[in-house]
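What follows is a short report on a single structure.
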Amino acid sequence: MANEGIVIIGAGPAGAAAAIGLARMGEPVVLVGEPRRFAAVEGTSVRVIDALRGLGLRQALQALAPPSPRRAVWNGRYTEANQESLVDRERFDRGLLDDLEGLGVKLVRGRVTALHSAPGLHELEIDTDAGRRTLAADFLVEARGRAAPGGGAPRLRGVETVSLLQYWRGPAGEAGSAVTGVEDGWMWMAALADGRRYLQLTIDVASASLPPKRALGDYCSARFRAVEAATPFLRDAEPVGEPYARTSTAVLNEVVAGDDWIRVGDAAMAVDPLSGNGIFQALSSALQAPAVVATLRHDPHRAALARQFHSRRIEHLFHRFARIGRDFYAQELRWPQAPFWAARRGWPDAQPLHATVTPETVRVARGPVVCEGRIVEEDVVVTPDQPLGVWQVDGLTVAPMLDALRAEDGSALDKVRGEAVLCARFGLEPARAAGLLAWMRAQNWLI
């Protein structure tokens, strides 16, 4: 059994992003995966589309509908604050696999049925359409999402939550989506232009009173029909098949990297779907994973630094998305004593989403960063709102520049003098110096 070098398990956005990044670096990588086995629709933002385009995922992008408004009926108020492009995840996942092959990533289409790991060696058994096959690798990237085995590692879990997804079919029409609160949870509804409708009810596991499985379809239909915000999505439509139940509890794996493995995407941390950041968070945790993998494989003297970089980044992203969800839950005030809402408006903590920054709270410290495809340690600017540190802004290394500006006159520096320091000490053009100084002031690094 030949050693493949790096094996990635999971063909979703996180696995695809890691595979493309590693292949571009010249690393030996093979991805094992298959499209998800149930129909679903998600919303994607412009920044997700830009990231997918940057990865060269042309076939996957074809699964995205044109932008449409995301309607919300929250706390009794109707808004259309955002736009999103709905994506058919089955088609999207198939497109990802085709894109990976087109980009030269070695691919095994199938499902891992067994994984045997020892230090420096991972052996996989895979079911494919052509039959059973085996692979070996010296490094493993776990990207199977929420389905990834926990391996006995500790996990931080949010309030236990389940989502019931029901597929409906109606006449063709405009694409769009909506979210609304109900007393025991919230509903998300999406309609594709071809008449497919996807309606999801998210409720609390502890307080929910669900019927037997055989009656779940009628239960979901009745729940959706009773909500006014769902009416446009049900008009002239009928449910198809049985509802699909899946956990949507926020989960953070507290150990996400070892000497010869890492976790990315939902396998590392899965967020509450209310944040609407599923694909974005998967990409966020995976785009810099190739540098972590390369460092662990080739620079063992920096292995601890690479693990620290990946672990801190995953934890930071998890709490950021958790607080986004918490703050959105807190805006819904119609059922303050209902178990669903009472349990979620204060989790994971009371810390603000954006911490207050003043010049006195800004400091320069050593921290891990990505440099030329490796994790290295550099001086970074650490603030309450950027605890991981800022290394570069627009290609400029900012820590020495901030130190130089502060050395001139503390945090209160005349604009003309500040620009002159940046030009003289660091060779910046006047316009670039002015822009950087204005940005630092906007971030409250300087007065």
Side-chain angles (χ1 to χ4, degrees), residues 10-21 31 33-72 80-103 105 107 109 143 145-146 163 165-179 188-200 232-233 237 244 246 248 264-266 270-271 273-287 321 324:
I20 293 169
L31 183 142
E34 61 181 0
R36 65 170 59 194
R37 298 186 173 193
F38 62 92
V41 166
E42 293 182 32
T44 57
S45 63
V46 172
R47 58 185 175 180
V48 169
I49 295 172
D50 289 342
L52 296 172
R53 188 173 290 118
L55 290 168
L57 298 172
R58 297 180 180 179
Q59 296 297 319
L61 282 168
Q62 292 183 11
L64 273 64
S68 57
R70 190 186 197 203
R71 302 172 178 90
E80 289 187 12
N82 301 306
Q83 281 198 329
E84 62 184 355
S85 292
L86 297 175
V87 55
D88 176 346
R89 276 304 301 264
E90 283 188 301
R91 184 183 173 194
F92 178 84
D93 288 354
R94 290 194 300 270
L96 280 180
L97 293 172
D98 292 341
D99 283 325
L100 289 168
E101 286 187 323
L103 293 168
V105 174
L107 186 66
R109 295 178 184 249
R146 290 179 180 268
S163 293
L165 177 64
Q166 190 172 44
Y167 168 48
W168 291 58
R169 190 65 148 158
E174 293 185 357
S177 63
V179 62
W188 186 72
M189 294 79 68
L192 297 179
D194 63 6
R196 284 178 291 167
R197 322 282 173 82
Y198 296 85
L199 292 91
Q200 180 171 284
F233 298 89
Y244 182 84
R246 55 179 174 171
S248 49
V264 296
D266 281 1
V271 300
L274 185 64
S275 68
N277 285 299
I279 295 178
F280 176 68
Q281 75 87 6
L283 292 173
S284 297
S285 72
L287 287 172
F321 289 126
I324 290 173

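Because only heavy atoms are used, hydrogens play no part in the values below, and waters and symmetry mates are left out as well, while side chains stay in.
- Checked against ring-ring contact (aromatic ring centres under 6.0 Å, His included), Y198 has the following partners two or more places apart in sequence or in another chain: Y167.
- With rounding to the nearest 0.5 Å, the separation of CZ in F321 from CD in Q281 is 6.0 Å.
- In this structure, CZ in R47 is found 7.0 Å from OG in S284, a value given to the nearest 0.5 Å.
- With respect to the salt-bridge test (charged N to carboxylate O, under 4.0 angstrom), the residues D50 and R53 qualify.
- Rounded to the nearest 0.5 Å, atoms CZ (F92) and CD (Q62) are 12.0 Å apart.
- Of all the heavy atoms in R71 and G176, the pair that sits closest is NH1-CA, 4.2 Å.
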Margin query: Checking Q83 against R70 for the side-chain contact (heavy atoms from CB on, under 4.5 Å) test, could you report, in this order, the C-alpha distance in whole Å, the side-chain angles of both residues, the deciding distance, and whether it holds?
Written below: CA-CA 5 Å; Q83 281 198 329; R70 190 186 197 203; over 6 Å; no

Margin query: For a side chain to side chain donor-acceptor pair (under 3.5 Å) check, start with the C-alpha distance between S68 and E174, then their side-chain angles and the critical distance, and finish with the verdict.
Written below: CA-CA 9 Å; S68 57; E174 293 185 357; over 6 Å; no

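- Here the shortest heavy-atom pairing between S163 and P273 reads OG-CG, 4.5 Å.
- Closest heavy-atom contact between D88 and V41: CA-CG2, 4.4 Å.
- Put simply, the side chain of L283 reaches to within 4.5 Å of the side chain of L55, judged on heavy atoms.
- Heavy atoms only, all atoms of each residue included: A17 and A286 are closest at CB-CB, 4.1 Å.
- Across all non-hydrogen atoms, the minimal contact from A11 to L31 is CB-CD2, 3.7 Å.
- Side-chain atoms of S177 and E84 include a donor-acceptor pair closer than 3.5 Å.
- In this structure, CG on L57 lies 6.5 Å from CG on L103, to the nearest 0.5 angstrom.
- To the nearest 0.5 angstrom, R197 atom CZ is 13.0 Å from Q166 atom CD.
- Residues A175 and A193 come closest through the heavy atom pair CB-N, 4.1 Å.
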Which donor-acceptor pairs under 3.5 Å do the side chains of residues 94-101 make with protein atoms, sequence neighbours left out?
residue, atom, partner, partner atom, Å
D98, OD1, R109, NH2, 2.9
D99, OD1, R58, N, 3.3
D99, OD1, Q59, N, 2.9
D99, OD2, R58, N, 3.4
D99, OD2, Q59, N, 3.1
D99, OD2, A60, N, 2.9
E101, OE1, R109, NH2, 3.1

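- Considering CG of L52 and CG of L64, their distance stands at 7.0 Å, rounded to 0.5 Å.
- Contact of the I324 side chain with the V271 side chain is not registered, since no non-hydrogen atoms from C-beta on lie closer than 4.5 Å.
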